[in-house]
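Encoded as structure tokens, the structure appears first; notes follow it.
The chains referred to below are lettered A, B, ... by the order of the sequence lines, with proteins before strands, and numbering in each begins at 1. Remember, it's a predicted structure, so these values are computed and weren't measured experimentally.
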Protein chains: 2
Amino acid sequence: MTTSQETQRRPRGSLSRQSIGAAALRVIERDGLDSLTMRRVAGELSCGVMSLYSHVADADDLRGVVVGQLIDRLDLRPHEGESWQDATRRMLSTYADLAASFPRSFELLALADADQWPVAPHMERLADLLVTAGLTEEDALTALSVIDAYASGFLVIAVRNRPAVASAERAAPHRHDQLARLHHLDSYGTGSEVIIAGLEQRFEGHRAGRKP
Amino acid sequence: MTTSQETQRRPRGSLSRQSIGAAALRVIERDGLDSLTMRRVAGELSCGVMSLYSHVADADDLRGVVVGQLIDRLDLRPHEGESWQDATRRMLSTYADLAASFPRSFELLALADADQWPVAPHMERLADLLVTAGLTEEDALTALSVIDAYASGFLVIAVRNRPAVASAERAAPHRHDQLARLHHLDSYGTGSEVIIAGLEQRFEGHRAGRKP
DNA sequence: ACCTGAACACCGTTCAAGT
DNA sequence: ACCTGAACACCGTTCAAGT
């Protein structure tokens, strides 16, 4: 009897940058960033490894697709009549939320090349957000530089060192552990306010006519 | 005729964590962080791959040795009568110097687990530096958290995106390029001062008796 | 145009064995 | 105790070939 192939070919339209990126995101969050390999993504999609190369140039391009999908999850449109301080707070907490939702993918976005697709247009949008909230173009770039560096550094380190949560080993926290954890888990908001205060002072200096 | 082996065995004492770490550092700075592999370090030392495992537990431990050697290059002992502001400026510029000297290894230190060897004792030393300069223990930890996150984020991003310098393509910089470069190459000092100003304001608030 | 398998040059690490 | 080579289970990507 003529048995039809058990491993049937994938229908032509069933793969796309979109679906490949989504599969990559699932792989990273399930197995870790080091497990993002062409072969595992192909496994996740039950397709041949080389099929991916019809939609994605190489492994680096694949990471770019993931970063694009992370950016798409951010909602950072200007709010009506929002102060630049509140816009900054919203940016910082939105980033923190994303890091909490996608802890193992987050650093792909946070440490990505800010001058290149897909991050560059995103940064422009963030600058617009601050300009809309009342800052000059120059002040917006100054603010964005500090904010982005702080959020990226803090959240990447926090998320890399995040304790393997939910384990039953939450018994008697040592002082050393407390200090370490306080340092990098609860102080994000404190640092945010420190930076906002520093920016306020610098921008007031501008208006008072002191040298920039 | 009885030819003696061309590939002579390595003398017993000639390998160590120290020499292996130094070789690893050379490999990273010459070929990039992705090229730090057990096999390439073995090649650099002209020894068998498995010889490394007598001194180093695994690839992760090897990265730890590199981080330790980077930390050893930092000179951050307390200075006599130094204000916490100046101590902070010294910390920030020392980190920047290290990032400039070891651009491809730097992120191993910057993004390493701060609660673990060899970074944890280093962080304690940094906290001591700020306490010696006059901050309370609590304020020192607050400052260190912001400073470390900012420096790590800024410098890792800057160093990852550093232009392939020295090429002859420094002709007519577009406006977009200028903005992008200004954003992440010259503004490190600006951000440092913003953070110091923000910390000053917060710590003054303490002394004035406002709620922490 | 899109999907595929074999092949090549890598990788970390285990194992058994030399000195 | 320290050094080693073969072997195993991976990896990205090239190539030639199917539909």
Side-chain angles (χ1 to χ4, degrees), chain A residues 2-67 104-105 108 112, chain B residues 2-67 104-105 108 112:
Chain A
T2 57
T3 59
S4 62
Q5 288 289 95
E6 294 295 338
T7 64
Q8 47 197 351
R9 269 183 105 73
R10 200 157 236 283
R12 300 271 298 209
S14 64
L15 246 36
S16 64
R17 280 177 82 80
Q18 181 97 23
S19 68
I20 291 171
L25 203 48
R26 286 198 302 275
V27 169
I28 297 174
E29 292 306 327
R30 190 205 309 126
D31 303 326
L33 193 49
D34 290 341
S35 298
L36 178 64
T37 68
M38 302 299 274
R39 289 171 132 98
R40 278 169 103 116
V41 172
E44 177 79 11
L45 291 165
S46 305
C47 70
V49 195
M50 291 318 298
S51 309
L52 303 175
Y53 285 84
S54 296
H55 303 87
V56 145
D58 51 26
D60 211 65
D61 187 34
L62 173 58
R63 284 185 282 270
V65 176
V66 172
V67 171
R104 307 177 114 166
S105 323
L108 285 183
Chain B
T2 59
T3 59
S4 61
Q5 289 289 95
E6 294 296 338
T7 64
Q8 47 197 352
R9 267 183 106 76
R10 201 156 235 284
R12 299 271 298 210
S14 65
L15 247 36
S16 64
R17 281 175 81 81
Q18 180 98 22
S19 67
I20 290 171
L25 202 50
R26 285 196 304 275
V27 169
I28 298 174
E29 293 305 328
R30 190 205 310 125
D31 303 326
L33 193 49
D34 290 341
S35 299
L36 179 65
T37 69
M38 302 299 274
R39 290 173 131 97
R40 278 169 102 117
V41 172
E44 177 79 11
L45 291 165
S46 306
C47 72
V49 196
M50 290 317 298
S51 309
L52 303 175
Y53 287 83
S54 296
H55 303 87
V56 145
D58 51 26
D60 211 65
D61 187 35
L62 173 57
R63 284 185 283 270
V65 176
V66 172
V67 171
R104 308 178 112 165
S105 322
L108 285 182

Self-check item: Value in whole Å for how far the C1' atom of D:dG12 lies from CZ of A:R63
Solution: 10 Å

Practice problem: Give the rounded distance in Å between these two atoms: CG of A:L36 and P of D:dC11. | Solution: 11 Å

Exercise. Nearest whole angstrom, please: distance from the P of C:dC2 to the CD1 of A:I20.
Key: 11 Å

Exercise. Could you tell me whether A:S54 contacts a base, only the sugar-phosphate backbone, or nothing, with contacts defined as non-hydrogen atoms closer than 4.0 Å?
Key: base

Exercise. Find the distance A:L52:CG to C:dC2:P and express it as a whole number of Å.
Key: 14 Å

Exercise. Using atom CZ of A:R17 as one end and atom P of C:dC2 as the other, report the distance to the nearest whole Å.
Key: 12 Å

Exercise. Write down the atom of A:L52, the atom of A:C47, and the distance for their closest heavy-atom approach.
Key: CD2-SG, 4.1 Å

Exercise. Answer yes or no: does atom CD of B:E29 have more than 12 heavy-atom neighbours from other residues, nucleotides or ligands under 6.0 Å?
Key: yes

Quiz item: What nucleotide, of C:dC11, D:dC3, C:dT4, holds the atom closest to the side chain of B:H55?
Solution: D:dC3

Practice problem: Give one of base, sugar-phosphate or nothing for B:S51, where a contact means two heavy atoms less than 4.0 Å apart. | Solution: base

Quiz item: Is there a side-chain contact between B:I28 and B:L108, using heavy atoms and a 4.5 Å cut-off?
Solution: yes

Practice problem: State the CD-CG distance between A:E44 and A:L25, to the nearest 0.5 angstrom. | Solution: 10.5 Å

Self-check item: Separation between CG of A:D58 and CZ of A:R63, rounded to the nearest 0.5 Å
Solution: 8.0 Å

Practice problem: Report, as a single string ordered 5' to 3', how protein heavy atoms within less than 4.0 Å touch nucleotides 13-19 of chain C: B base, S sugar-phosphate only, - not at all. | Solution: BBB--BB

Exercise. Nearest whole angstrom, please: distance from the C1' of C:dC2 to the CG of A:L45.
Key: 15 Å

Quiz item: Going from OG on A:S51 to CZ on A:R9, what distance comes out if it is rounded to the nearest 0.5 angstrom?
Solution: 8.0 Å

Quiz item: In Å, rounded to the nearest 0.5 Å, how long is the span from CG of B:L33 to OG of B:S105?
Solution: 7.0 Å

Exercise. Sort out the partner of D:dC15 for me: Watson-Crick or G-U wobble, both distances under 3.5 Å, none otherwise.
Key: C:dG5

Quiz item: What integer distance in Å separates B:D34:CG from C:dC10:P?
Solution: 15 Å

